[in-house]
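Naming convention: chains lettered A, B, ... in sequence-line order (proteins, then strands); numbering from 1 in each chain.
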Number of protein chains: 2
Amino acid sequence: MSQLLRTHIEAICPLSDEEFAHILSHFKLRKLKKHAFLVQEGEYVRQEYFVLKGCLKAYIADPETGNEFIYQFGAEDWWMTGREAFFKETKATINIDCLEDCEVLGITLEDRNKLGADLWKYEHFLQVKANLGYISLQKRLQLMIMGTAKDRYEHFIRQYRQYPQLFSRIPKTHIASYLGVTRETLSRLYRR
Amino acid sequence: MSQLLRTHIEAICPLSDEEFAHILSHFKLRKLKKHAFLVQEGEYVRQEYFVLKGCLKAYIADPETGNEFIYQFGAEDWWMTGREAFFKETKATINIDCLEDCEVLGITLEDRNKLGADLWKYEHFLQVKANLGYISLQKRLQLMIMGTAKDRYEHFIRQYRQYPQLFSRIPKTHIASYLGVTRETLSRLYRR
DNA sequence: CCGTTAACGTGATATTTGTCACAAAATCAA
DNA sequence: TTGATTTTGTGACAAATATCACGTTAACGG
């Protein structure tokens with residue numbers, strides 16, 4: 001199962017068996033039931049997580065309207081955390097919860113830093129990963145501003161296609177939230 | 001002048017004189033006139049740049065409408081590049097040009113990688129910087145979807161306040177583009 | 001310095017998208 | 001299984017924002 005993590009890291013930076021064992025020893029497996037929170041608003045975010053199994057949504061609740069804006073889905077092979085709170089060691093302003101039963105590997109900030117200091121390759125992995133994440137987030141922002149809801153929908157499908165059955169399992173309501181439109185609007189876009 | 005870069009890096013990771021000298025030796029100074037392109041659509045992006053002086057805009061041109069979406073302003077102390085094209089060594093899909101005369105320090109991808117491999121501190125700096133960038137981009141996306149144009153305007157002013165006189169020098173048309181509204185809408189938001 | 005260009009504000013109107021209300025279908029959990 | 005909850009579609013209407021048109025002011029560059 002943890003082979004997933006190795007493959008994931010090695011896509012950026014090949015590792016020896018010892019190196020990977022050393023990395024893996026810093027992670028702790030966590031299993032969560034559907035609807036369980038991985039990160040909850042107002043609490044500290046002690047770890048960042050690599051998803052081995054299941055699917056999660058990360059979202060911001062709007063206290064005014066009661067709406068939620070889903071800014072990320074996480075499936076197998078994705079990282080999930082309340083990034084700002086995790087790095088700055090402050091309380092989360094976002095929530096992450098499980099759309100289905102999940103298994104994740106968690107690492108604390110302290111261990112993350114230690115690992116990066118021990119092993120240049122891990123630091124490099126983190127650097128490249130963060131930059132790639134930045135690039136795709138930028139693309140999403142661009143699409144949000146310049147693209148139509150339909151563009152965004154199509155881009156979304158392309159991006160998540162690689163995760164089989166996942167797309168069909170996410171309710172349209174959530175997808176609409178991710179795309180920044182109401183479920184009604186999304187529904188109408190697909191009548192035409 | 002290059003003291004700016006040192007202070008910037010040391011905000012994340014303190015350096016010895018030798019270390020900084022080593023870092024600096026990988027950068028090359030470039031001076032540009034107002035309206036000059038730093039990055040141009042369709043061309044390779046050979047370097048990433050640290051801004052020493054002046055102000056630039058990074059934008060995507062929409063071939064359909066002729067509009068442009070400004071996704072970032074860069075002033076002194078900011079990094080600017082066509083990030084995707086720079087990392088993936090492909091042709092740029094974005095433009096960056098100077099709103100006024102500029103001075104920047106440029107580093108090639110090869111030198112960037114070499115520097116990171118030579119000096120763990122630099123790799124660490126890049127890693128942290130990318131993560132902080134990701135966080136602020138995420139905040140911007142959130143604001144774009146959940147906030148009103150006014151929220152975005154106010155956030156924008158707060159973010160750029162630290163760059164004296166800069167804000168007043170950027171035409172409102174450009175600010176509107178950055179905020180994802182038309183200049184007319186922005187103008188009206190501020191009558192009220 | 002002066003002609004040209006860019007920036008800015010504002011009205012009238014069109015378009016997009018959101019909100020509210022309701023009902024049918026699908027899914028969930030005891 | 002079965003009653004409750006969630007998801008989905010759709011109409012009518014409201015609100016936000018874009019588009020087009022025009023004129024004035026400010027800034028730029030030779």
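- Residue B:Glu184 places its side chain closer to D:dC20 than to any other of D:dT8, D:dC20, D:dA12.
- The CZ-C1' distance, from A:Arg183 to C:dA21, rounds to 11 Å in whole Å.
- If you take CD1 of B:Ile170 and P of D:dA27, they are 16 Å apart, rounded to a whole angstrom.
- The distance between atom CG of A:Leu189 and atom P of C:dG18, rounded to the nearest whole Å, is 9 Å.
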Using ring pair (Phe, Tyr, Trp, His ring centres under 6.0 Å), reason through A:Tyr71 and A:Tyr178 one step at a time and then give a plain yes or no. CA-CA 6 Å; A:Tyr71 66 87; A:Tyr178 180 85; 9.1 Å; no

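- When the side-chain nitrogen and oxygen atoms of B:Thr148 are compared with OP1 and OP2 of D:dA16, none of them lie within a distance under 4.0 Å.
- Under the 3.5 Å distance criterion, with hydrogens and angles disregarded, no donor-acceptor pair is assigned to the side chains of B:His8 and B:Trp78.
- Protein atom NZ of B:Lys150 is 12 Å distant from nucleotide atom P of D:dT17, rounded to whole Å.
- Spacing between atom NE2 of B:His174 and atom C1' of C:dA7 amounts to 10 Å, rounded to whole angstrom units.
- Salt bridge status for B:Glu48 with B:Arg83: absent, with no side-chain N to carboxylate O gap under 4.0 Å.
- Nearest to the side-chain atoms of A:Thr185 among the listed nucleotides C:dT17, D:dG11, C:dC8 stands C:dT17.
- A close approach under 4.0 Å does not occur between any side-chain nitrogen or oxygen of A:Thr182 and OP1 or OP2 of C:dT17.
- Mapping B:His35 and B:Val181 onto DNA chain D by nearest heavy atom places B:Val181 closer to the 5' end of the strand.
- Side-chain to base pairing of B:Arg188 with C:dG11: one donor and one acceptor N or O lie within less than 3.5 Å of each other.
- Distance CZ (B:Arg152) to C1' (D:dA16): 11 Å, rounded to an integer number of Å.
- The distance from atom CZ of A:Arg169 to atom P of C:dT27 is 13 Å, rounded to the nearest whole Å.
- The closest side-chain donor-acceptor pair between B:His35 and B:Asp97, if any, does not fall under 3.5 angstrom.
- Look at CG on B:Leu186: it is 12 Å from P on D:dT17, rounded to the nearest Å.
- The phosphate of D:dT6 (OP1 or OP2) has no side-chain N or O of A:Lys172 nearer than 4.0 angstrom.
- Residue B:Thr173 is the one, among A:Lys34 and B:Thr173, whose nearest nucleotide of DNA chain C lies closer to the 5' end (criterion: closest heavy atom).
- Checked options A:Lys34, A:Arg169, A:Lys33, A:Lys53; the residue passing with A:Glu100 is A:Arg169 (criterion: side chain to side chain donor-acceptor pair (under 3.5 Å)).
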